[in-house]
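What follows is a single structure, written as structure tokens, with notes after it.
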Amino acid sequence: MDSGPLTYAIGDVHGCAALLDALLKRIDDHAGGRAHRLVFLGDYIDRGPDSAAVIRTVSRLNWAEPERVVCLMGNHERMLLDALQTPQAAEHWLYNGGEATLAAFGAREVGDLPRDTLDWLEGLPTLHEDEARWYVHAGFRPGAEIPDPDDHNRLWIREPFLDGDHDFGRHVVHGHSPQRNGRPEIRRFRTNLDTAAVYGGALTAGVFSDTQGPPVKFLQVRAG
């Protein structure tokens with residue numbers, strides 16, 4: 001591994017605050033004082049036991065060091081924000097795990113969530129890049145302009161992004177599509193770090209150097 005800064009990209013957390021705390025400790029231990037960046041790939045909320053604690057952790061890291069800590073939006077954050085607009089969108093969000101988020105915040109409905117939390121979520125980007133990689137929650141549509149400018153694709157796409165190997169000019173680091181075996185999916189042009197933490201899998205960080213696109217290592221924590 002080269003001696004330059006490392007980037008740790010973290011997959012879908014979904015309210016698993018204890019796993020997140022443990023993974024951040026592993027990252028600190030692994031970095032060993034070496035300069036490093038954090039990129040969170042979205043889906044901090046819903047389904048898991050403590051979305052409020054996850055949001056507190058990642059937002060404080062982001063606010064304290066915005067140049068070093070990047071937090072991307074996931075489709076679950078988008079669903080929450082859409083739930084503020086119409087009853088139908090609110091029903092869709094609740095069906096997809098939103099009730100666990102309301103419970104974690106002690107809220108009865110989406111409009112009761114803290115204003116600073118909603119403002120922070122609204123400002124999250126859907127893409128981050130460095131010289132070797134694109135970081136995105138879900139992926140890109142093959143054949144689209146690079147990087148795909150469509151936020152819906154960035155937040156929601158599965159097929160045809162997951163079908164086959166598509167070269168987007170840089171290695172794509174993403175989550176969104178849970179790997180129920182608890183292992184990251186490593187392909188020629190992309191790496192999927194959603195290892196189904198909320199379904200009993202693992203919470204995973206991919207470790208990336210500045211000299212190559214694919215990960216050089218993975219760090220994982222599991223419940224129990």
Query raised in the report: Do Ile27 and Val69 belong together in a cluster built from hydrophobic side chains that touch within less than 4.5 Å?
Result: yes
Query raised in the report: So, the side chain of Glu91 versus the backbone of Gln88: is there a donor-acceptor pair under 3.5 Å, distance only?
Result: no
Query raised in the report: Quick one: are Leu118 and Leu80 in side-chain contact, heavy atoms under 4.5 Å?
Result: yes
Query - Value rounded to 0.5 Å, distance of CZ in Arg78 from CG in Asp151 - result: 8.5 Å
Report task. Please answer whether the main-chain N or O of Gly4 pairs with a side-chain N or O of Arg34 as donor and acceptor at a distance below 3.5 Å. Result -> yes
Query - Exceeds 12 heavy-atom contacts within 6.0 angstrom, atom CZ of Arg188 - result: no
Report task. Consider only side-chain heavy atoms of I, L, V, M, F, W and Y, link residues closer than 4.5 Å, and tell whether Val58 and Leu193 are in one cluster. Result -> no
Query raised in the report: Would Phe40 and Leu203 show up in the same hydrophobic cluster when neighbours are defined by side-chain heavy atoms closer than 4.5 Å?
Result: yes
Report summary line: Those residues at least two apart in sequence (or on a different chain) that pass side chain to side chain contact (heavy atoms under 4.5 Å, CB included) with Ala31 are Tyr8, His36
Query raised in the report: salt bridge (Lys or Arg N to Asp or Glu O under 4.0 Å) with Arg37: which residues, sequence neighbours excluded?
Result: Asp210
Query raised in the report: Heavy atoms, side chains only, cut-off 4.5 Å: are Leu124 and Leu72 in contact?
Result: no
Report summary line: Applied to residues 66-103, the ring-ring contact (aromatic ring centres under 6.0 Å, His included) test, sequence neighbours excluded, yields His14-His76
Report summary line: Of all heavy-atom pairs linking Leu6 and Ser209, the shortest is CD2-CA, 4.4 Å
Report task. Verify, without hydrogens or angle tests, whether Gln220 (side chain) and Pro184 (backbone) share a donor-acceptor contact under 3.5 angstrom. Result -> no
Acceptor/donor pairs from residues 99-108 side chains to any protein atom, 3.5 angstrom cut, sequence neighbours excluded:
unit_1, atom_1, unit_2, atom_2, d
Thr101, OG1, Asp46, N, 2.9
Thr101, OG1, Asp46, OD1, 2.5
Thr101, OG1, Ser51, OG, 3.3

**Report entry** Hydrophobic cluster of Val198, others only, ordered by chain and residue number, side-chain cut-off 4.5 Å
**Finding:** Tyr199
Query raised in the report: Between Tyr135 and Phe208, what is the ring plane arrangement, given parallel below 30°, perpendicular above 60°, and tilted in between?
Result: perpendicular
Query - Close side-chain approach of Ser59 to Tyr44, heavy-atom, < 4.5 Å - result: no
Report task. List for me each residue that meets side-chain hydrogen bond (donor to acceptor under 3.5 Å, both in side chains) alongside Arg170, sequence neighbours excluded, and say none if there are none. Result -> Glu129
Query raised in the report: Are any of the side-chain heavy atoms of Thr195 and Pro178 separated by less than 4.5 Å?
Result: no
Query raised in the report: From Leu94 CG over to Glu109 CD, what is the distance, rounded to the nearest 0.5 angstrom?
Result: 10.0 Å
Report task. Not counting sequence neighbours, list each pair that qualifies as a salt bridge (Lys or Arg N to Asp or Glu O under 4.0 Å) and has a residue in residues 58-72. Result -> Glu65-Arg68
Query raised in the report: Closest approach of Ala202 and Gly182, non-hydrogen atoms and distance?
Result: CB-O, 3.9 Å
Query raised in the report: Are Thr57 and Leu24 side-chain neighbours, meaning at least one heavy-atom pair lies under 4.5 Å?
Result: yes
Query raised in the report: What distance do His152 atom NE2 and Asp150 atom CG have between them, rounded to the nearest 0.5 Å?
Result: 7.5 Å
Report summary line: For Leu121 and Ile55, the nearest pair of non-hydrogen atoms, with its separation, is CD2-CD1, 4.0 Å
Query - Closest non-hydrogen atom pair, Ala83 against Ala90 - result: CB-CA, 3.5 Å
Query raised in the report: Would Phe140 end up clustered with Val70 when hydrophobic side chains under 4.5 Å apart are linked, directly or stepwise?
Result: no
Query raised in the report: Going by heavy atoms in the side chains, are Asp43 and Glu77 under 4.5 Å from each other?
Result: yes
Query raised in the report: Taking the side chain as C-beta and beyond, is there a heavy-atom pair between Asn153 and Val136 under 4.5 Å?
Result: no
Query raised in the report: Which pairs, with at least one residue in residues 11-26 and sequence neighbours excluded, count as a salt bridge (Lys or Arg N to Asp or Glu O under 4.0 Å)?
Result: Lys25-Asp29
**Report entry** Arg133 side-chain N/O to Gln212 backbone N/O, donor-acceptor pair under 3.5 Å
**Finding:** yes
Query raised in the report: For His171, which residues count as a ring-ring contact (aromatic ring centres under 6.0 Å, His included) partner, sequence neighbours excluded?
Result: none
Pairs of donor and acceptor atoms involving the side chains of residues 154-169, under 3.5 Å and at least two apart or interchain, shall be tabulated with distances.
unit_1, atom_1, unit_2, atom_2, d
Arg154, NE, Asp148, O, 2.6
Arg154, NH1, Thr126, OG1, 2.9
Arg154, NH2, Asp148, O, 3.0
Arg158, NE, Ser177, OG, 3.0
Arg158, NH2, His176, O, 2.6
Glu159, OE1, Asp163, N, 3.0
Asp165, OD1, Arg187, NE, 3.2
Asp165, OD1, Arg187, NH2, 3.4
His166, NE2, Pro160, O, 3.1
His166, NE2, Asp163, O, 2.7
Asp167, OD1, Gly169, N, 2.9

Requested in this report: Would you check if Phe218 and Ile186 make a side-chain contact, meaning some heavy-atom pair closer than 4.5 Å?
Outcome: yes
Query - Partner set under salt bridge (Lys or Arg N to Asp or Glu O under 4.0 Å) for Asp50, not counting sequence neighbours - result: none
Report summary line: The salt bridge (Lys or Arg N to Asp or Glu O under 4.0 Å) partners of Asp116 (sequence neighbours excluded) come to none
**Report entry** Gap separating the CD atom of Glu122 from the CG atom of Asp119, nearest 0.5 angstrom
**Finding:** 8.0 Å
Report summary line: Shortest non-hydrogen pair, Ala197 vs Leu19, comes out as CB-CD1, 4.0 Å
Query - Shared hydrophobic cluster, Ile10 / Met73 (ILVMFWY, side-chain heavy atoms < 4.5 Å) - result: yes
Query raised in the report: Knowing that exactly one of Val39, Asn192, Leu41 qualifies, which makes a side-chain contact (heavy atoms from CB on, under 4.5 Å) with Val173?
Result: Leu41
